[in-house]
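Bear in mind the structure is a predicted one, so any value in this text is a computation, not a measurement. Residues take their numbers from the sequence shown, with the count starting at 1. Numbering of ligands and ligand atoms starts at 1, following listing order. No hydrogens, no waters, no symmetry mates; every other heavy atom, side chains included, goes into these values.
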Amino acid sequence: MNDDLFRVRFWGVRGSVPVSGAQYQRYGGNTICVEMRCGPHTLLFDAGSGARPAGEELMAAGVDQFDLFFTHCHYDHIIGLPFFFPLYNPRIGVTTWSGHLAGRMTTLEMVSEFMRPPWFPVAMEVCRACIGTRDFVAGDVLKPQAGVTIRTGNLNHPGGCIGYRVEWGGRAVCVISDTEHEPGKLDPVVLALIQDADLVLYDCTYTEDEMLRKRGYGHSTWQQGVKLCEAAGARRLAIFHHDPSRTDDQLAVIEKEAMAAFPGAFAARDGQTLEFPRLKLSKPSPLRQATRQSTANGKRRSVR
Ligand SMILES: [Zn+2]
Ligand SMILES: [Zn+2]
């Protein structure tokens, strides 16, 4: 693995529910899972059905430490978790993070409530990996690994959702999913997170026309993503969290329209990879290094 690259790989880009069929081959049918390699560190965002192939391939590639961040725990963002095979390997460490249920449910409670009978054949206790669970509050700045800084904020979604800005090597990549915008307004939380970002993954479930009928569903549009990126000086916009009924041909039309409006836009597809070389920066100061891990308040635990 190249330690001088910030690599983003899409393992699942579909919202709501996985889909399969001839009309979904080009953009893919797995629900949300995004890998970020920050030099030697492997971060994952959400464990939708894309987490199954992600886990298999990354484990085969020798990755043995994962930080897995949840935006929230609607099914399309967690359904792949029981099939994320690194969880069952005793030589692997997986640290899970969430903040959308702060004060209501811990990350450990959220994961263990989901992975248990009668919804799944076995409980989390069968997992042999060293599993850590971390809790945070929206607005916290996380330092999961040396050199990686993650800023967080609340998005506008039923039940809550966390937006992330991941900084490493002078680069910034943001995950803004799921969120609903108010017509005619730019969400100041989103704007702050995506300021000058190299890449923004944005919830583009609907078009502006569809949005008229979908108010209150908690999602947004590619047109709003373009407005936000332009206002924040972000360079690239990944249209993702595609509506499950959106066919390849329809997505290609959306992609073309979005690129005409904002040249940095593209419709994300399963398996797609983007790479951002580390920018030449001066060495981090001792003060910045000393703040590492300072905001994480959870504990590691082993499940045997
Ligand atoms: Zn979703
Ligand atoms: Zn959701």
Self-check item: Mutual orientation of the aromatic rings belonging to Phe66 and Phe84 [parallel < 30°, tilted 30-60°, perpendicular > 60°]
Solution: perpendicular
Quiz prompt | Nearest heavy-atom neighbours spanning Tyr206 and Tyr217 | solution = OH-CD2, 3.3 Å
Quiz prompt | Heteroatom N/O/S of Asp178 within less than 2.8 Å of the Zn ion (ligand 1) | solution = yes
Quiz item: Going through the checks in order, is the salt bridge (Lys or Arg N to Asp or Glu O under 4.0 Å) test met by Glu180 and Arg215?
Solution: CA-CA 8 Å; Glu180 178 167 344; Arg215 281 278 152 222; 3.1 Å; yes
Quiz prompt | the Zn ion (ligand 1) - name of the N/O/S atom of His77 that sits closest to it | solution = NE2
Quiz item: Between Phe120 and Phe83, does the ring centroid distance fall short of 6.0 Å?
Solution: yes
Practice problem: Measure from the Zn ion (ligand 2) to each N, O or S atom of His74 and report whether any distance is below 2.8 Å. | Solution: yes
Practice problem: Of all N, O or S atoms in Asp76, identify the one at the shortest distance from the Zn ion (ligand 1). | Solution: OD2
Quiz item: Under 3.5 Å, is there a donor-acceptor pair linking the side chains of Asp248 and Gln25?
Solution: no
Quiz item: Can you tell me if Cys161 has an N, O or S atom under 2.8 Å away from the Zn ion (ligand 2)?
Solution: no
Exercise. Using 2.8 Å as a strict upper limit, say whether an N, O or S atom of His241 approaches the Zn ion (ligand 1) that closely.
Key: yes
